Structures are given as C-alpha cells and as structure tokens.
S.K.: 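Following this message is one structure expressed as structure tokens.
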Amino acid sequence: MPGKHVHFSKPVKRVTFDVAPSPASSISSLPSSAGPITPPSWPVLLPPVRRHSHHHHHAYPPPPPAKPPPAQLHPMLVVAKPQAVNFDMTLHPSFVSTSYASLSTRPGLLSEPAISPPVSHMTLHLPSSTWRIDVRPKLNGAYITVSDVLHALYCGLRENVRKEEFYSLPGKDAMKHVTAAYERRCKRVKGSRAADDERKAGVKRVDFLLDRVWFAGLTPVANNSWLIHLS
C-alpha cells in the first residue's frame, strides 16, 4: 500500500532479575515459555538508626538516689512509759533489767543491733552540756549493739571532771549539789576499801546529773547523733 509504512520492533526476550547475596546483581535470560514474570525479590532495608548530633543531644538528669530507710531504734533504747530498760547509769550495765516480759525472755537481747539498719558509729549528747559520748562496735566489731550503747553511757559518764569544769558551775549551790551527788555515789559502793578508792577517784561526769541518773531512752538529733533522755 502506498504511503507510510508502520514498523514493529522485533520481539524482545523477557528477562528476570535474580538478586544475589552480594551487592552486584546478575542478569539471566529465560525463554518466553518460562512462565509469568514475577517481580524481583529485592531485599527489604530497615530504616537507618537516627543518630543525634552532639550539639542537639538532650541529656536527661539521672534519677535521684533512693532514700535510705529510716533508722529504727531498738525497743530497749526508745523513749517509752514505762521505760523499756531499767538502767541506773552510776552502776555497771550488768545490773540492767527490763519490765517488759516480751523483752526479758528474748535470748541475746543485748547483742542485737542498737539501730536497724545497723551502724558502726553513734554520737550521744547530754542535754544542756557540751559533752559527747562516741559509741563504737565493741561487742562484735562490725555494728553497734544495745550492749555497746549501755557500756558507752556508763564509761562516758565515769570520766573525771576537770577542775575548771567543776568551778565553772553556776554558783556555790550548784557545786554543793554536785558534791552531794558525788558523796551519795561513793557511799553506794560496797566495801570500805572500794568506797575509799571511789572517793579518791574524784568527781565524775555522772555526778553532774545529780539525781537524774536513770537512762530514759534516745531520740534522734541528726545523722547518727542522738539525745540522751534522763529521769
């Protein structure tokens, strides 16, 4: 037919792409009778990890440290009515007793921790005084026990009073009261020789307490510091 002629390109062979594990892809030709063409199985890429720039990094403050549990004082050392412990601090702690049956029948009572959780140092303060009594673990060497507290009280109050401390008392009446407490304490010592030795040892801190020589418990003042209550 005269005029324009339409040309058709030769049939193009169908190809499929086989994605190999390596980055380079290989091409293989398949005959037209190989079946329908399936889409290539391209690997699915995960989204890249977003890295924060050093200049845009938002630092969050660490959580506050957990607060330690509140200190729990041993029942023998708390302020209570009636008092949990009968302790005349002019006498050795071997004379200590308790009026509470639940405590008196407990084995190893005085060997129990003075504070829970246990501590290795306590400071005891006398009311209206600059004297301090340091308590350390003597019974087991690891933590302070009830026995350690009672012995520290007894030994701390048996320290001798210096001459300037005695004469710094507010007036002659105060000096007379302390001297009378000293005489009463010496008279309670059994045996004339022992009483005489006690008298020669002089005035001690416990004499400044006058007749308030009974331990009535402890209350917290600050970290590991405790106020001594007297009766």
Side-chain angles (χ1 to χ4, degrees), residues 74-101 103-104 106-112 114 122-141 144-219 226-231:
H74 192 280
M76 288 281 283
L77 304 176
V78 299
V79 176
K81 290 187 177 181
Q83 293 169 202
V85 60
N86 302 318
F87 180 30
D88 179 349
M89 292 182 291
T90 65
L91 302 176
H92 191 269
S94 57
F95 293 96
V96 164
S97 64
T98 179
S99 303
Y100 289 80
L103 294 175
S104 62
R106 186 188 298 182
L109 177 68
L110 299 183
S111 301
E112 296 176 0
M122 293 174 66
T123 303
L124 310 182
H125 303 258
L126 281 166
S128 305
S129 174
T130 59
W131 290 331
R132 303 289 183 266
I133 299 176
D134 285 329
V135 189
R136 298 288 182 176
K138 298 287 185 66
L139 189 64
N140 57 39
I144 295 174
T145 64
V146 176
S147 176
D148 290 326
V149 172
L150 301 181
H151 278 80
L153 285 167
Y154 174 72
C155 295
L157 293 175
R158 280 191 63 81
E159 289 191 21
N160 284 88
V161 173
R162 299 192 306 271
K163 182 182 294 186
E164 56 269 26
E165 289 176 324
F166 180 80
Y167 287 105
S168 66
L169 288 168
K172 290 184 178 181
D173 286 343
M175 294 180 190
K176 288 181 181 178
H177 292 320
V178 170
T179 301
Y182 155 73
E183 292 289 348
R184 288 195 303 269
R185 178 175 58 80
C186 293
K187 288 179 181 179
R188 294 177 62 184
V189 178
K190 294 181 179 180
S192 58
R193 186 185 180 96
D196 188 54
D197 290 342
E198 190 71 15
R199 189 171 285 104
K200 289 178 181 178
V203 178
K204 299 185 181 300
R205 288 181 174 182
V206 71
D207 300 321
F208 273 48
L209 304 182
L210 305 180
D211 57 348
R212 301 185 66 203
V213 295
W214 290 88
F215 174 69
L218 302 173
T219 52
W226 302 80
L227 178 66
I228 305 167
H229 290 255
L230 309 169
S231 65

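Please read these numbers as outputs of a predicted model, since none were measured by experiment. For the numbers below, each heavy atom of this structure counts, side chains included, while hydrogens, waters and symmetry mates do not.
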S.K.: When you compare the side chain of E159 with that of K204, does any pair of heavy atoms fall below 4.5 Å?
M.R.: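 Side-chain contact under 4.5 Å: no.
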S.K.: Using side chain to side chain contact (heavy atoms under 4.5 Å, CB included) as the criterion, point out the one residue from R188, R185, K187 that pairs with E198.
M.R.: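 That would be R185; it is the only one of R188, R185, K187 passing the side chain to side chain contact (heavy atoms under 4.5 Å, CB included) with E198.
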S.K.: Could you tell me which non-hydrogen atom of V206 sits nearest to which non-hydrogen atom of M89, and how far apart they are?
M.R.: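 Residues V206 and M89, closest heavy atoms: CG2-O, 4.2 Å.
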S.K.: Please examine the side chains of V79 and L218, heavy atoms only from C-beta on, and report whether any two atoms are closer than 4.5 Å.
M.R.: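 The answer is no; the side chains never approach within 4.5 Å.
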S.K.: Taking atom NE2 of H151 and atom CG of L110, what is their separation to the nearest 0.5 Å?
M.R.: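 That separation rounds to 9.0 Å.
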S.K.: After noting the C-alpha distance and the side-chain angles of L157 and W131, does the key distance pass the side chain to side chain contact (heavy atoms under 4.5 Å, CB included) rule?
M.R.: CA-CA 9 Å; L157 293 175; W131 290 331; 5.5 Å; no
S.K.: In Å, rounded to the nearest 0.5 Å, how long is the span from CG of L153 to CZ of R158?
M.R.: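 If we round to the nearest 0.5 Å, L153:CG and R158:CZ are 14.0 Å apart.
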S.K.: For a side chain to side chain contact (heavy atoms under 4.5 Å, CB included) check, start with the C-alpha distance between L210 and V178, then their side-chain angles and the critical distance, and finish with the verdict.
M.R.: CA-CA 6 Å; L210 305 180; V178 170; 4.0 Å; yes
S.K.: Taking all atoms of both residues into account, what is the closest heavy-atom pair of F215 and L77, and its distance?
M.R.: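 Shortest heavy-atom contact: CE2-CD2, 4.0 Å.
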S.K.: In the structure I gave you, are the side-chain heavy atoms of V203 and F208 within less than 4.5 Å of one another anywhere?
M.R.: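 Of all side-chain heavy-atom pairs linking F208 with V203, at least one is under 4.5 Å.
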S.K.: Looking at side-chain heavy atoms only, is the closest gap between M175 and Y167 below 4.5 Å?
M.R.: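 In short, these two side chains touch, coming nearer than 4.5 Å.
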S.K.: List the atom of T90, the atom of Y154, and the distance in Å for their closest heavy-atom pair.
M.R.: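 For T90 versus Y154, the nearest heavy atoms are O-CE1, 3.9 Å.
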S.K.: What distance separates S111 OG from R106 CZ, expressed to the nearest 0.5 Å?
M.R.: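 If I round to the nearest 0.5 Å, the distance is 12.0 Å.
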S.K.: Which atom pair, heavy atoms only, marks the closest approach of L103 to L109?
M.R.: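 Looks like O-CD2, 3.4 Å.
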S.K.: What closest approach, in Å, do R199 and C186 show between heavy atoms, and which atom pair accounts for it?
M.R.: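 Shortest heavy-atom separation between R199 and C186 comes out as CA-SG, 3.6 Å.
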S.K.: Between the main-chain N or O of T130 and the side-chain N or O of R132, is there a donor-acceptor pair closer than 3.5 Å?
M.R.: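 Yes; at least one donor-acceptor contact below 3.5 Å.
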S.K.: Should V85 and Q83 count as side-chain neighbours, where that means a heavy-atom distance under 4.5 Å?
M.R.: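 Sidechains of Q83 and V85: no contact.
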S.K.: Looking at every heavy atom in both A84 and Y100, which two are closest together, and how far apart are they?
M.R.: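 Between these two residues, the closest heavy atoms are CA-CE1, 3.4 Å.
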S.K.: Testing I144, I133, D134 for side chain to side chain contact (heavy atoms under 4.5 Å, CB included) with M122, which one passes?
M.R.: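 The residue from I144, I133, D134 that satisfies side chain to side chain contact (heavy atoms under 4.5 Å, CB included) with M122 turns out to be I144.
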S.K.: Return the set of residues passing salt bridge (charged side-chain N to carboxylate O under 4.0 Å, His left out) with D197 (not counting sequence neighbours), or none when no residue passes.
M.R.: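 D197: no salt bridge (charged side-chain N to carboxylate O under 4.0 Å, His left out) contacts found.
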S.K.: Are any of the side-chain heavy atoms of W226 and V149 separated by less than 4.5 Å?
M.R.: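 Not touching, per the 4.5 Å side-chain cut-off.
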S.K.: Is a side-chain N or O of D148 found less than 3.5 angstrom from the main chain of T145, in a donor-acceptor match?
M.R.: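 Pair found, side chain donor or acceptor close to backbone of T145.
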S.K.: Kindly indicate whether the side chain of L150, heavy atoms from C-beta on, has any atom under 4.5 Å from the side chain of V96.
M.R.: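 When only atoms from C-beta onward are counted, V96 and L150 do touch, with a gap below 4.5 Å.
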S.K.: Is L169 close to H177 at the side-chain level, that is, under 4.5 Å between some pair of heavy atoms?
M.R.: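 No, side chains not in contact.
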S.K.: The criterion is side chain to side chain contact (heavy atoms under 4.5 Å, CB included); which residues satisfy it with N86, sequence neighbours excluded?
M.R.: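 Testing N86 for side chain to side chain contact (heavy atoms under 4.5 Å, CB included), a comparison that skips the adjacent residues, returns S97, S99, W214.
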